[in-house]
Structures are given as structure tokens and as C-alpha cells.
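A quick note: this is a predicted structure, and the numbers were derived from the prediction, not measured. A, B, ... follow the sequence lines: proteins, then strands. Residue 1 opens every chain.
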2 protein chains.
Amino acid sequence: MAIRPAEQLIHKAAWLYYAHGLRQDEVANQLKISRASVAMYLRKARETGIVNISTSTQLFTDDVMARRLEDAFKLDAVWIAPENAYVADPSTDIAVLAASVFLELVKKGDRIGVAWGRTVYTIADIMSYADLQDVTVVQLCGNLGAPYSYRPDQCTMEIARRLNAKGLNFYAPLVLSTEELAQGLRAEPVIRDQLAGIADCDLALYSVGAVDADSHLVKCGALTPAEMTTLRGQGAAGVIAGQVIDASGEVLDCSYNRRVISAELASLRAIEKRLMVVQEDSKFEPLLAAIAGGLCTHLVIGAHMAERLLAHAGAASKKAS
Amino acid sequence: MAIRPAEQLIHKAAWLYYAHGLRQDEVANQLKISRASVAMYLRKARETGIVNISTSTQLFTDDVMARRLEDAFKLDAVWIAPENAYVADPSTDIAVLAASVFLELVKKGDRIGVAWGRTVYTIADIMSYADLQDVTVVQLCGNLGAPYSYRPDQCTMEIARRLNAKGLNFYAPLVLSTEELAQGLRAEPVIRDQLAGIADCDLALYSVGAVDADSHLVKCGALTPAEMTTLRGQGAAGVIAGQVIDASGEVLDCSYNRRVISAELASLRAIEKRLMVVQEDSKFEPLLAAIAGGLCTHLVIGAHMAERLLAHAGAASKKAS
DNA sequence: CACGGCTCTCGACAAAAGTCAAATCAGGGC
DNA sequence: GCCCTGATTTGACTTTTGTCGAGAGCCGTG
């Protein structure tokens, strides 16, 4: 891997252009290639993360609402994507913001836990490339052989690819048919090590799932709509890394959860920075549950969700007094 | 400082352009301003560090020579600027590299010690802007009221400005006329605190000065050429943060050093990352002294200097065996 | 309220960057 | 040795971006 000559050229071109501020034709002269090639190399440099263009996400934390949310829910940092939408599609707006925030939080040498879901995959897909050495991306929960492109291992691998990092997948099914089998599998050295390593992460990226018939768990066949309804009746409030949690953010005591191979919530809570991203307004309750369970220290949401959260916090504190 | 409306616009434009990848005219439409204004805002955004464009400096560490130097001198990382010069002025080449390396090493919340000299000022001058919150830049040594633009406080302030950080100057003279006065001044609470705080830095940036008539110390009137010659005779090998060191990298026992107000070498050594940048080939011996004294963990030099260092290391190890 | 002085904004032009199809090159297989 | 394949490079063209001077808005001042 000792830097191929082509890569060397990309590096040099990027260096002259971005660090020294030469124009493309000047770079072309220096390197004795055509300007068109320089343009091409520069694109590659951007795509591979040899150059990093990042925009400060301050604007979105500096908001008064964000500050109030931080206080109300004891969060380390909150980013609010304006709903009025600068841009055509409002839901990608949150994802773009989340990707920037994520890249801002990652540091060299970090170990990053990644869960799965449409949100996470959208973020991965939209995230720009970076050239982090010594970063490991680990998968937080077992796999689902779904026809979706956002399978847990896909999310992990895609993010690893973007960061130029090592991806650590684990190939156990997310959910098994019997509790015994799940228990046995969890005890397998390969799996056990992977699960144990999760608490060592420096940063986690996940969203929270809703407990309804539209949930990924249903779509992927892990649960039937009927089972979902039953779980809801039993107090299920959300889904984190494939596990069903109740309104207080604890694992719901149910057969399904006992059959799941995924990160223990305690391990997740041991991770210093837990970045939760929520796109859909419908995930209000699941988000509340996740926050209640201390599963989130950094939060990226839309303006509308932010307002609901604040209103809720206000009502709660009024009731308390 | 609650974000002025103009700044808000800059942020939004930068966000749409760099994060969402819209074209300038699309951004202009969104924000209902002319495209020319957008271009202007974007320039401001780059200038103020709202967007960060950084290029990986890997190319310069990945060099075989750099690795060998790291081994030979037990350094954490070495960057070598190719001498053949991509670009017109070879000395700025090193400074540009140093600035990039520096920005790569800085992290949020860091405390950064900055010394002074032409090299440091060149770096400050060339360094691109960044938007680091919670960063403090502290001055490592007393001031010299020189007509030069690279006074210690200037270096500190300029770097602080570029990083959007807090600058902590200290207004004591670098050198006093009597040892008693220096001692008294060092005991002053303001000065004492500043000096004590140096060991808490996470990162230091300095160069090393030569012990000759061209030295800054002479140009700024701190020492006469004759005194310099005398010091040289007494074993002076280099200048670090205004202090004269011997070949082993220890403070030389001389009146001048006792009259200086500057960071103790022990404090400097307590700093985790000590980034030393050397532009001039003539500073070979001073650099050796600084390395010997453990005053440098990260090193940025030119190719020629790198060769000399390696040759020296080779000769030394041959002699030893 | 009229007047500079100031900053901000715009339109038009010039410069730079992006793109694409054609040409060239390298290397492997026959 | 020759031809084919795929990747790289290039010149010519188009689109996008940077810049500049003119004009518009905004204030504090006389």
C-alpha cells in the first residue's frame, strides 16, 4: 500500500492547488500534464478525502432553540435543521447536516459504532469522503438479510469506505427464532468479542425506530405487524439498534428482545459521544424514549421536532412544579 | 456576539454551496440575492474558516526518509517538504506544509503554545483560517519591542486570529538587564500564572534559532554580536523560545538566560505535541540540539535538512557500534 | 434635511474550472 | 509480433465562478 504513483500525482496536484493556491493551469505546468488531467485529479482528491472541505455546523447549534433543548434534556449538543428548507428535499437536509456533524465529531484513532436504518444509510450515502487513518467502524447489531440497501453491514461498510477506515462487520442474524439459539450465539467467541468491543467505541451513530407497521423490523421480516402491535401494547416505545425499548429507554422484557443479537444498551451508554439523528416527525415518542434512556448525547433533528420536544419539556416542567 | 445577520447569510450560503453542493446561482435563488453576492459570501466564508479546506499532509510523512528519521531520532512524526520545489519559493513551501500540519494537529479545546521568529510568523501569515471554538493560544516567551513584524505577541495574536481562538499574550520583556529584576518579574502573579500555564498546553509551535550574528536575538537588540560569539564559545548551540541552549538541548548556564522571561524547558517538554519547524539549512546544529533536548516530537523540515540529519544519524550509529 | 462616507449589492465581463469525445498509451493474450 | 481492451490523457468546448466598477441603501453629522 506504499502509495501508487498515480496517487502520488493526485496528492501533488491537490497540494499545489489547495494548499499553495495555484491555479489549475499552473499546477498543470508544474506537473507537466494537461489542465484537464489536473481537474480530474482534483476531483479524485476530493472524492478520496485527500482534500477535505467541511463547513462549520455552528449555525445550527447556535440557535436559541438548540440551546434550550440542550438544557431541557441534558444533552451535550443539539443541531437543528431549519424546516423551511433551503433546499428541495427537506429530509436530506437533516441527513446532510448529520453527516457534517458526524465528520466533525470523528477523530483520528476513533472507534465508531454504527447502527442501521434508512436514516443512517442516507447519511452514509451523502457523507463526503475523508482520509482518517486508524479509524474503525464497528457494526452495532446483527444482520438482516433484507432486500434493502440499508442492511446493517451495508451501513457499516459504506461509512468505513467513506472514512477510509477499517470496517468491522459481524455476521450474525439480528434476530433468531429461539432464545436458546440467541444465547448460544452470543456466547460464541467471535460474536462475544464483537459485542464486548462496542463499549470501547468513542462515538456511536444511530437513529431510533418507530414501533409501528412501517418499522424496518417489520419490512425486513423480523417482526410481523401483529407482533408489533402486541409489543406496542406491552409498552414498546421505540427501536434502538434492533432492540425494542420502552418509554423509559430500557430494553423491553419480551421474547423478541431476548432473541436479538445486538449491542447491550449499557454498552451503548458507555460510549462517550452518542449521536442520534431523527428525520421523521413521527418518531417523536421513540426519540423521547431514547433520550430518557440516556442513549443520546448529541442530537440532530428538524425544526419541527425541536419545537415538539421543547413544548413537551415545557409541559413536563410545568406539571412538575 | 450572537451571530450578526450578515454572518448568518454567509453561513447559509456556505452551507448550501459546500454541504449541499448547489451551484452559486442556485444558492443565489434560494437566498434571493445576486450570484455575485454569493461569490463574495463564499470568499468570506473561506476567509473566516466557516468552511475549511484542508489537504492531507500524508504525502509528506509517507516518505521513506521521513520514516527513517522518525526511527533514528525517536520522533512521533516527521514531514519533509521536497526541496526541488513544486513552487517558486522553496522556503514558503516548508511554511505552507507546516501550517497544514499544524492545523491537522490542533483539536477543539486545545491550548497551544506559540513561540516566535520569522519561521513562526511566516506560518501564521500563510495559515488558512479555521473556526475552532475553545482554543487558546498562549505566548511562550516575553516580548521584544522590535521593529519586526514577528514579535512574540504578534505571532501569538495572528495565529489566534486565524483560528478564531483566544490569544493569551504576556507583556513582559523577553530579556531584562539584571537577574534580580528577571527573578522578581517571574514571581509576579500575572507572569507566574502565565508561565505555569505553559505546561498545560496540548501543542506547541516553534522553530529553533541559530547562534550567530544573524539571529533574531541580535537583530532585536537582546544580544550584541559579540555576546553571541562569546555564548557560542561557551557551548551555545541554538535558541528556543528566546533561551540559549547547549548541544544537549539544556539551558546554557549564562547570565543572559538568567535574565530571560520565557517558558522553562521542562514546561515545554511537558507539552504533548511539540511541533518544530525549521526552514533554513543553516540551522542544522541548533536543530540537533533541540532534538537532543527532547524539545520536539513533530518535525517539519526541507528535504536537504532531512538528508543531513539522516547522514548524521548514520554516522553516529556507526561510531557507536 | 442635505451631505459625505460607508457598506452592501448588482450586472457585465473576464477568468477559471468542468466535461466529453477522440486520441494515445500500456499491458496482456493469442 | 500483433491486436485488442481498458485506462489515461488531451484539446476543444461549455459552464461556472471571480472580479470590478457603478449604483443603491444607510447612517451619523453638520
Side-chain angles (χ1 to χ4, degrees), chain A residues 1-56 59 86-88 96 126-129 161 164, chain B residues 1-56 59 86-89 92 96 100 126-131 161-162 164:
Chain A
M1 271 290 253
I3 283 203
R4 297 194 315 270
E7 204 155 330
Q8 188 96 346
L9 257 188
I10 299 181
H11 246 115
K12 286 187 182 175
W15 184 250
L16 290 173
Y17 187 73
Y18 287 107
H20 280 274
L22 301 193
R23 283 195 321 265
Q24 291 192 358
D25 53 345
E26 297 181 292
V27 176
N29 284 345
Q30 287 278 346
L31 301 180
K32 311 245 186 291
I33 53 179
S34 79
R35 204 188 52 72
S37 296
V38 173
M40 194 260 294
Y41 286 143
L42 291 180
R43 181 156 38 72
K44 279 194 181 168
R46 284 186 301 260
E47 278 169 4
T48 52
I50 287 172
V51 311
N52 235 31
I53 303 187
S54 63
T55 66
S56 155
L59 177 61
Y86 294 145
V87 80
V96 170
I126 222 167
M127 181 157 56
S128 60
Y129 290 76
R161 197 171 69 85
N164 221 328
Chain B
M1 268 297 252
I3 282 200
R4 296 195 316 271
E7 204 156 332
Q8 188 95 346
L9 259 188
I10 299 180
H11 247 115
K12 286 187 181 177
W15 184 248
L16 290 172
Y17 186 75
Y18 286 107
H20 280 275
L22 301 192
R23 270 182 285 113
Q24 292 191 358
D25 52 346
E26 297 181 292
V27 176
N29 284 346
Q30 287 279 345
L31 301 180
K32 310 243 186 294
I33 52 178
S34 79
R35 204 191 51 71
S37 297
V38 173
M40 193 260 293
Y41 285 144
L42 291 180
R43 181 157 37 73
K44 278 194 180 168
R46 283 187 302 262
E47 279 169 2
T48 52
I50 286 172
V51 310
N52 234 31
I53 303 185
S54 63
T55 66
S56 155
L59 177 61
Y86 295 146
V87 79
D89 185 358
T92 59
V96 171
S100 284
I126 222 167
M127 181 158 55
S128 60
Y129 289 75
D131 193 15
R161 198 171 71 84
R162 302 272 172 151
N164 220 329

Original post:
What does nucleotides 17-25 of chain D look like as a protein-contact string, B for base, S for sugar-phosphate only, - for none, at under 4.0 angstrom between heavy atoms?
Top reply: BBB------
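- At least one donor-acceptor pair under 3.5 Å links the side chain of B:R162 to the backbone N or O of B:M127.
- Using a 4.5 Å heavy-atom threshold, the side chains of A:S56 and B:W15 count as separate.
- When each of C:dC8, D:dT9, C:dG11 is scored by its nearest atom to the side-chain atoms of A:S37, the top-ranked nucleotide is D:dT9.
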**OP:** List the steps, then state whether side-chain contact (heavy atoms from CB on, under 4.5 Å) holds for B:L31 with B:V27.
**Re:** CA-CA 6 Å; B:L31 301 180; B:V27 176; 3.8 Å; yes
**OP:** At under 4.0 Å between heavy atoms, which parts of nucleotides 21-26 of chain C does protein reach? Answer with one letter per nucleotide, 5' to 3': B base, S sugar-phosphate only, - none.
**Re:** ------
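- Between C:dT9 and B:Y41, a contact under 4.0 Å exists linking OP1 or OP2 to a side-chain N or O.
- Between the side chains of B:R46 and B:Y18, at least one donor-acceptor pair of N or O atoms lies under 3.5 Å.
- A:A39 approaches A:Q24 most closely through the heavy-atom pair CB-OE1, 3.6 Å.
- Within the 4.5 Å cutoff, the side chain of A:N29 has no heavy atoms near those of the A:D25 side chain.
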Distance-only check: which donor-acceptor pairs under 3.5 Å involve side-chain atoms of residues 47-55 of chain B, not counting sequence neighbours?
from  : atom 1 : to    : atom 2 : distance (Å)
B:T48 : OG1    : B:K44 : O      : 2.8
B:T48 : OG1    : B:A45 : O      : 3.3

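- With 3.5 Å as the limit, one finds a donor-acceptor pair spanning the side chains of A:R161 and A:Y129.
- Distance from the side chain of A:K44 is smallest for D:dT8 among the nucleotides D:dT10, D:dT8, C:dC10.
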